[in-house]
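One is the number of the first residue; the rest follow in order along the sequence.
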Amino acid sequence: MVVCNSSPLIYLAALDDFHLLHTLFGEITIPQAVFEEVVVAGASFPVARSVEKANHEWLHVRQVIDSTKTTDLLAIGLDPGESEALALAVEIRAETLLL
């Protein structure tokens, strides 16, 4: 399983190479905070349209169950998307984490 942070989504969408995520990794999982960052906050950017199109097809949004991990990561200065991506990767024992 692959977990992805916002940055790879944003940059690949901006380069019109968003499809590479699916081509290289098949299924991708993103935490809720990443979804909110790229779709809600970034609604006017190409990444929002790309994520919405891929959502439920090969890109899946998943909630972090143990929020204490996220809180600990926020305390050291990571943003919510990074914190949840790291916490989710550990929680689901992801094989790959894209940052």
Side-chain angles (χ1 to χ4, degrees):
M1 188 170 296
V2 176
V3 173
C4 189
N5 184 30
S6 307
S7 296
L9 303 175
I10 292 167
Y11 289 110
L12 287 171
L15 295 169
D16 202 26
D17 285 330
F18 192 80
H19 67 281
L20 289 176
L21 289 168
H22 179 59
T23 302
L24 294 171
F25 301 105
E27 303 282 317
I28 303 284
T29 302
I30 62 172
Q32 186 65 41
V34 168
F35 180 82
E36 291 173 13
E37 184 178 324
V38 299
V39 173
V40 177
S44 63
F45 296 106
V47 67
R49 291 183 296 280
S50 297
V51 168
E52 286 178 318
K53 184 178 177 185
N55 192 22
H56 303 298
E57 291 178 18
W58 55 268
L59 188 137
H60 309 285
V61 181
R62 192 160 170 177
Q63 191 72 35
V64 174
I65 295 171
D66 184 1
S67 62
T68 59
K69 290 176 187 162
T70 303
T71 304
D72 292 343
L73 292 166
L74 286 168
I76 63 169
L78 296 179
D79 71 33
E82 290 170 332
S83 298
E84 282 195 12
L86 287 166
L88 184 61
V90 170
E91 196 169 274
I92 65 173
R93 296 185 176 144
E95 297 168 0
T96 306
L97 173 62
L98 303 174
L99 298 173

**pair Val51-Leu9: side-chain heavy atoms closer than 4.5 Å** = yes
**Prompt:** Quick one: does Leu15's side chain get under 4.5 Å of Leu20's, heavy atoms only?
**Reply:** no
**Donor-acceptor pair, side chain of Asp79 and main chain of Glu82, under 3.5 angstrom** = yes
**Message:** Testing the basics here: between Glu91 and Ile65, what is the closest heavy-atom pair and its distance to 0.1 Å?
**Reply:** OE2-N, 2.8 Å
**Message:** Using a 6.0 Å cut-off, check whether atom CD of Glu95 has over 12 heavy atoms from anything other than its own residue.
**Reply:** no
**Prompt:** Should Tyr11 and Leu21 be counted in the same cluster of Ile, Leu, Val, Met, Phe, Trp and Tyr side chains packed under 4.5 Å apart?
**Reply:** no
**Asked** Atom CD of Glu37 and atom CD1 of Ile30: how far apart are they, to the nearest 0.5 Å?
**Response** 10.0 Å
**Fill in**
Minimal heavy-atom distance between Cys4 and Ile28, with the atoms involved, is CB-CG2, 3.7 Å
**Prompt:** Applying the 4.5 Å side-chain criterion to the ILVMFWY set and letting contacts propagate, would Leu24 and Trp58 be lumped into a single cluster?
**Reply:** yes
**Message:** As an exercise, state the distance from CD1 of Ile76 to OG of Ser83, rounded to the nearest 0.5 Å.
**Reply:** 7.5 Å
**Request:** For Val38 and Val47, work out which heavy atoms get closest and say how close.
**Result:** O-CG1, 3.8 Å
**Request:** For side-chain contact (heavy atoms from CB on, under 4.5 Å), just list the numbers for Phe35 and Asn55, CA-CA rounded to whole Å, side-chain angles, deciding distance to a tenth of an Å, and then say yes or no.
**Result:** CA-CA 10 Å; Phe35 180 82; Asn55 192 22; 3.9 Å; yes
**Fill in**
When every non-hydrogen atom of Gln32 is compared with those of Val61, the smallest separation belongs to OE1-CG1, 3.3 Å
**Request:** Please answer: with hydrophobic residues joined when any side-chain heavy atoms are less than 4.5 Å apart, are Met1 and Val34 in the same cluster?
**Result:** no
**Fill in**
To the nearest 0.5 Å, atom CG of Asn5 lies from atom CG of Leu88 at 11.5 Å
**Message:** Is there a continuous path of hydrophobic side-chain contacts, each under 4.5 Å between heavy atoms, that joins Val90 to Leu86?
**Reply:** no
**Prompt:** To the nearest 0.5 Å, how far apart are CD1 in Ile92 and OG1 in Thr29?
**Reply:** 5.0 Å
**Prompt:** From Thr23 OG1 over to Asp17 CG, what is the distance, rounded to the nearest 0.5 angstrom?
**Reply:** 9.5 Å
**Message:** Donor-acceptor pair, distance only, cut-off 3.5 Å: does the side chain of Glu84 make one with the backbone of Pro31?
**Reply:** no
**Prompt:** Would you find more than 12 non-hydrogen atoms of other residues, nucleotides or ligands less than 6.0 Å from Phe25 atom CZ?
**Reply:** yes
**Spacing of CG belonging to Leu59 relative to CD belonging to Glu27, to within rounding of 0.5 Å** = 9.0 Å
**Message:** If I compare all heavy atoms of Ala89 with all of Val3, which pair ends up nearest, and what's the gap?
**Reply:** CA-CG2, 3.9 Å
**Non-hydrogen side-chain atoms of Leu98 and Val2 separated by less than 4.5 Å** = yes
